[in-house]
Amino acid sequence: MRELGEIHRQLLRKLADGRLHSGVNLAGQLGVSRSGIWNAVRDLQTLGLEINALPGTGYRLDRPLELLEATAIEAQLAPHTRCLLQSLHIHDVLDSTNTFLMQAAREGLASGAVCLAETQTKGRGRLGRSWQSPFAGNVYLSVLWYFANTSLLSGLSLAAGTVLIRLLRQLGAPGVGLKWPNDILWNEHKLGGILVEVSGEMHGRCAVVVGIGLNCNIPHSYMAAVDQASVDLRRIPGVAAVSRNALVAGILNELLPVLAEFERKGFGGYREEWRRYHTFDGRAVTLDLGGQQIHGLIVDVTESGALLVDCDVGGRREFVSGDVRLRVAKP
Ligand code: BTN
């Protein structure tokens, strides 16, 4: 299914409170037959929504949902963010919010466009991985920005990670930190990630899409499908229930100014703060370079966002890409 129909959306709004709704009442309120309601419920179930159908009684979502609303997001934007936000595109179902903006950039969409989806059918992570995107469970957000050339982009994804941690700590998650380059971790579990994609000339104007996936409320059924230990905001002790619309506004309030200032400030403007959030600083790690594995101790991150490692073999080296894993000490 590409987008929800009007009946599906209205039905979802009714069910979003997590209470029991009788089929007769829903049919009357939405102006369709009871079998129309049943068909719409089945369509929503194919999107992964866990709607219990209680025979002769009605329908109930297994948990309340908060749908994304442009007005709720816009109401919580800082005045400066409102100036930077060019357009807000909210979709029920997309293949990937990054893919949507990359395509739209080719068609001339302006800098400062933001895309959100309730679910992604082909959500993408770093290094060719897929990104699980349960409906209305998490935040899937991408921002399009143009830069004068690609050489100005080093460390941009790290700067984005820095301000995300700043926001999450303000929300009451003090233990949230970063794994190079920009994994959002809590207690060594993945809470979110950032995928930056670039299209354009090496020495000409380029379109950059910064995509953020942040786990808020992952259904149990999805937890098994993710390929690494994951966590969501709901499961972190001390984090108050967060509205997804408020979270999106908070992310935009932090991220859009970074994009607007990055050509001038570079990663240097965020490096000190990034270091404070770096959970694997000084740790023994294995760096997977896609085939080759490097073992060593993490030393630092450079002014351009590269990882500095004291390698077991070959001394101190800088890495600009790769996947970091903690090395488990041999017993
Ligand atoms: C990672 O592997 O850690 C990066 C994950 C990035 C996921 C986000 S969700 C919104 C945007 N759209 C995508 O397809 N990917 C990014």
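None of these values were measured; they are calculated from a predicted model. Atoms within a ligand are numbered from 1 in the order they appear, just like the ligands themselves.
- Considering only heavy atoms from C-beta on, Q132 stays 4.5 Å or farther from S230 through its side chain.
- The aromatic rings of F267 and W274 stand perpendicular to each other, their planes meeting at an angle above 60°, with 30° marking the opposite boundary.
- Two residues are said to be in side-chain contact when any heavy atoms from C-beta on lie closer than 4.5 Å; R13 and L67 meet this criterion.
- We find the CG-CD distance between L164 and E254 to be 8.5 Å, quoted to the nearest 0.5 Å.
- Cluster membership for M102 and L255, using ILVMFWY side-chain heavy atoms within less than 4.5 angstrom, is not shared.
- Sorted by chain then number, the residues whose non-hydrogen atoms approach ligand 1 to under 4.0 Å are S96, T97, N98, Q120, G123, R124, G125, R126, W131, Y140, L141, S142, D183, K190, G193, I194, L195, G211, I212, G213.
- Ring planes of H91 and H89: parallel class, angle under 30° (limits at 30 and 60°).
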